[in-house]
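See below for the structure under consideration.
Quantities reported herein were computed from a predicted structural model and do not represent experimental measurements.
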Amino acid sequence: SAYVNSDGRAVFSAGSPFKPVTLPDGRKFHPGQGNNSYIFPGVGLGISLSGARHVSDQMFLAAASTLASLTSEADLAKGCLYPPLTDIQ
């Protein structure tokens, strides 16, 4: 309903998967699933491999920035905030 109530202007992501939403005008949006599978595995692996003894905000900001750089214009046009997990694994 976020897409319907905002006439497709909402930026939406949830912790659980949702089916695509088609608006009355035919535009189709694919709600994103924003959960721990995007950031924490990579940060955890980096910490383990580097032997870091402190986890900083900068580490998470770097991971988020990298994830954002992998999100294509096509992903955004479909209403996806993140690239498909299959594209980053």
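Counting only residues at least two apart or in different chains, side-chain hydrogen bond (donor to acceptor under 3.5 Å, both in side chains) contacts with residues 44-70 are absent. Judged as a salt bridge (charged side-chain N to carboxylate O under 4.0 Å, His left out), the pairs with a partner in residues 18-30 (not counting sequence neighbours) are, in order, Asp7-Arg27, Asp25-Arg27.
Annotation: side chain of Ile47 is in contact with side chain of Met59 (closest heavy-atom distance under 4.5 Å). The side-chain heavy atoms of Val4 and Leu23, taken from C-beta on, include a pair separated by under 4.5 Å.
Within the model, atoms CD1 of Ile88 and OH of Tyr82 stand 10.5 Å from one another, a figure rounded to the nearest 0.5 Å. Leu81 contributes atom CG, which lies 7.5 Å from atom OG1 of Thr71 (distance to the nearest 0.5 angstrom). Between the CZ atom in Phe18 and the CZ atom in Phe12 there is a gap of 4.5 Å [rounded to 0.5 Å].
Annotation: side-chain hydrogen bond (donor to acceptor under 3.5 Å, both in side chains) contacts of Ser72 (sequence neighbours excluded): Asp75.
Remark: side-chain polar atoms of Asn5 are paired, donor with acceptor, to backbone N or O of Ser1 under 3.5 angstrom. Formation of a donor-acceptor pair under 3.5 Å by the Tyr3 side chain with backbone atoms of Val11 is not found in this model.
If you chain together hydrophobic residues whose side chains sit under 4.5 Å apart, Leu67 and Leu85 fall into the same group.
Aromatic ring centres of Phe60 and Phe40 lie closer together than 6.0 Å.
Closest approach of Pro20 to Pro31, counting heavy atoms only: CA-CD, 4.0 Å. Between Ala2 and Ala10, the shortest heavy-atom contact is O-CB, 3.5 Å.
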